[in-house]
Amino acid sequence: MMTTVRLRPAAPFDFRGTARSHGWVALAPNRWDDESGFLTRVERLSSGNVVRLQVTGEGTSRKPGIRIDIEHRGRLTRRDSENATARVTHMFRLDDDLKPFYSLCRKRGAPWTKVTRGLGRLLRSSNLFEDIVKVICTTNIQWGGTKKMAAQLVEQFGDACDDDPAQQAFPGAEAIAAVSAAEFARRVKMGYRAPYVHELAGRIASGELDLATLEDRGMSTPELRKRLLAIKGVGGYAAASVLMLLGRYDDLPIDSVCRDFTGRKYFGGRSPKDDKVRGLYEDWGEWKFLAYWYDLWLSRG
DNA sequence: GTCCAGGTCGCGC
DNA sequence: GCGCGACATGGA
């Protein structure tokens, strides 16, 4: 059965631009069809029910809409429907206020004004565990390897919505913690990252670590960063990436891509030191990450 | 076969 | 606080 829910994001909002804002759209369980502009994803809701979400944009960036088709078995409860909607809202950051960032972009003029037409919301997963695991899967590996690891996690440990094993939800921490570290490493080829992810899953499943505390807006960014760094497998780059996913843009994920880009654009091809990179975006205040990200994006045309 | 990837850990200094 | 080698895996 299918239930359709419609959302009205605040304008401006660019659905395609948001879906494709970074590589996340290509990582399982997400599927993106560029032709139709549909983002499909299986989701295990809080009730335990597993549904398939098909999300697409409607209208224009000035008068935007989002349509969520929820494919489910049996009746879809109001609670499930609201839960699914909340997850899409989280993924697309529909509650974020980007006005101050847009204002800075306008002051810069072209080409930054392009961003103010509804960009700036970098796609995230429906839950923080998935985002942290995926960020760990981007470290010290090429993009193809990251995609493979995400796909294996979903295939091996995700809940199915129907009989298509290629389309399952991203596993919850409990599913990973339920097997031994050895079995986890055998079933998902994550190399040396496997123990990190298994340990993280175990700490969450046991209740020792509550990721919800990391989403508390009351916590200062330095404190939050410290807590992220305490997770094995999360270093400076990964912490900055997760901070971005949490909506905190004042730290930069200085990795090979960042050094390469800023080196070519600002330092005559020489790879800059970290503080030189930070200096480039210093005057963007709490929006440094977005400034860096769209600097990179705009430079690619 | 060798090198290394959108780094991080654990060590020694 | 900084420099260094090791680290699994698989693509180039």
Side-chain angles (χ1 to χ4, degrees), chain A residues 20-28 30 32 122-125 129-157 176 179-203 209 214 222 224-246 248-249 251-267 269-278 280-281 288-300:
Chain A
R20 298 189 301 186
S21 52
H22 65 134
W24 253 216
V25 77
L27 296 182
N30 293 334
W32 171 250
L122 274 55
L123 187 71
R124 49 188 179 185
S125 303
F129 176 64
E130 179 178 335
D131 272 339
I132 295 176
V133 171
K134 283 179 171 175
V135 166
I136 290 175
C137 291
T138 66
T139 59
N140 194 29
I141 193 136
Q142 299 182 68
W143 184 241
T146 303
K147 288 203 282 191
K148 188 170 265 185
M149 287 188 275
Q152 284 183 6
L153 280 163
V154 168
E155 259 181 54
Q156 289 292 320
F157 292 98
I176 292 172
V179 301
S180 69
E183 182 180 346
F184 178 65
R186 190 167 61 247
R187 286 169 62 183
V188 183
K189 296 295 169 201
M190 303 188 66
Y192 65 88
R193 302 166 195 79
Y196 300 153
V197 170
H198 188 263
E199 180 187 304
L200 174 63
R203 289 176 60 203
L209 177 63
L214 303 183
L224 182 48
R225 182 170 186 277
K226 203 176 87 189
R227 296 208 191 186
L228 290 170
L229 290 173
I231 298 172
K232 283 254 182 69
V234 175
Y237 154 82
S241 299
V242 174
L243 285 171
M244 172 280 279
L245 290 162
L246 285 166
R248 297 170 187 249
Y249 305 116
D251 199 5
L252 294 175
I254 302 176
D255 59 4
S256 58
V257 171
C258 175
R259 273 186 282 267
D260 182 56
F261 162 66
T262 55
R264 274 186 290 111
K265 181 161 178 178
Y266 300 104
F267 301 102
R270 297 223 172 278
S271 184
K273 296 250 194 248
D274 289 7
D275 54 337
K276 291 285 183 188
V277 176
R278 291 200 186 88
L280 292 171
Y281 303 101
K288 293 182 189 71
F289 184 103
L290 291 182
Y292 154 63
W293 191 253
Y294 284 97
D295 192 18
L296 178 62
W297 184 80
L298 291 165
S299 300
R300 284 173 174 170

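Naming convention: chains lettered A, B, ... in sequence-line order (proteins, then strands); numbering from 1 in each chain. Heavy atoms only: backbone and side chains are in, while hydrogens, waters and symmetry mates are out.
In this structure, A/Met190 atom CE and C/dA8 atom C1' are separated by 11 Å, rounded to whole Å. C/dA8 atom P lies 15 Å from atom CZ of A/Phe184, rounded to whole Å. Distance, A/Gln142 CD to C/dA8 P: 19 Å, rounded to whole Å.
Sorted by residue number, the members of residues 191-199 of chain A with any non-hydrogen atom under 4.0 Å from DNA chain C read A/Gly191, A/Tyr192, A/Arg193. Remark: A/Thr138, A/Thr139, A/Asn140 in residues 132-140 of chain A come within less than 4.0 Å of DNA chain B through at least one heavy atom. At a non-hydrogen distance threshold of 4.0 Å, A/Ile231, A/Lys232, A/Gly233, A/Val234, A/Gly235, A/Gly236, A/Tyr237, A/Ala238 from residues 226-240 of chain A come into contact with DNA chain B.
Between A/Leu290 and A/Leu122 there is a side-chain heavy-atom pair separated by less than 4.5 Å. A heavy-atom distance below 4.5 Å is found between the side chains of A/Phe129 and A/Ile176.
In this structure A/Arg187 satisfies the salt bridge (charged side-chain N to carboxylate O under 4.0 Å, His left out) test together with A/Glu183, sequence neighbours excluded. For the side-chain contact (heavy atoms from CB on, under 4.5 Å) test, residues two or more places apart in sequence or in another chain that qualify with A/Lys276 are A/Phe267, A/Pro272, A/Lys273. By the side-chain contact (heavy atoms from CB on, under 4.5 Å) test, A/Tyr281 is found to be paired with A/Leu252, A/Phe261, A/Thr262, A/Tyr266, A/Trp284, A/Lys288, A/Ala291, A/Tyr292, A/Asp295, residues two or more places apart in sequence or in another chain being considered. In this structure A/Ser271 satisfies the side-chain contact (heavy atoms from CB on, under 4.5 Å) test together with A/Arg259, sequence neighbours excluded. Checked against side-chain contact (heavy atoms from CB on, under 4.5 Å), A/Lys232 has the following partners two or more places apart in sequence or in another chain: A/Tyr196, A/Glu199.
Taking atom C1' on both nucleotides, C/dG5 is separated from B/dC3 by 16 Å, rounded to a whole Å. Of the P atoms belonging to B/dT8 and C/dG11, the separation is 23 Å, rounded to the nearest Å. Distance check on atom P: B/dT2 versus B/dG6 gives 22 Å, rounded to whole Å.
Shown here for A/Met149 and A/Cys137, the closest heavy-atom pair between the two residues is CE-O, 3.4 Å.
Residue pairs meeting the salt bridge (Lys or Arg N to Asp or Glu O under 4.0 Å) criterion with at least one member in residues 132-142 of chain A, sequence neighbours excluded, are A/Glu130-A/Lys134.
Think of the region where chain A sits on DNA chain B: with heavy atoms and a 4.0 Å cut, that region ends 5' and 3' at B/dA5 to B/dG10.
A side chain to side chain contact (heavy atoms under 4.5 Å, CB included) with A/Val188 is found for exactly one of A/Gln152, A/Lys148, A/Glu155, namely A/Gln152.
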Would you mind writing out the side-chain donor-acceptor pairs for residues 20-27 of chain A within the sub-3.5 Å range, not counting sequence neighbours?
unit_1  : atom_1 : unit_2   : atom_2 : d
A/Arg20 : NH1    : A/Asp34  : OD1    : 2.8
A/Arg20 : NH1    : A/Asp34  : OD2    : 3.4
A/Ser21 : OG     : A/Thr18  : O      : 2.7
A/Ser21 : OG     : A/Leu123 : N      : 2.9
A/His22 : NE2    : A/Leu123 : O      : 2.5
A/Trp24 : NE1    : A/Asp131 : OD1    : 2.6

Sequence neighbours left out, cut at 3.5 Å: what donor-acceptor pairs do the side chains of residues 234-244 of chain A make with other protein atoms?
unit_1   : atom_1 : unit_2   : atom_2 : d
A/Tyr237 : OH     : A/Thr138 : OG1    : 2.9
A/Ser241 : OG     : A/Tyr237 : O      : 3.0

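Across all strands, A/Trp24 comes closer than 4.0 Å to no nucleic acid atom at all (heavy-atom distances).
Heavy-atom neighbours of A/Lys265 NZ from other residues, nucleotides or ligands within 6.0 Å: above the threshold of 12.
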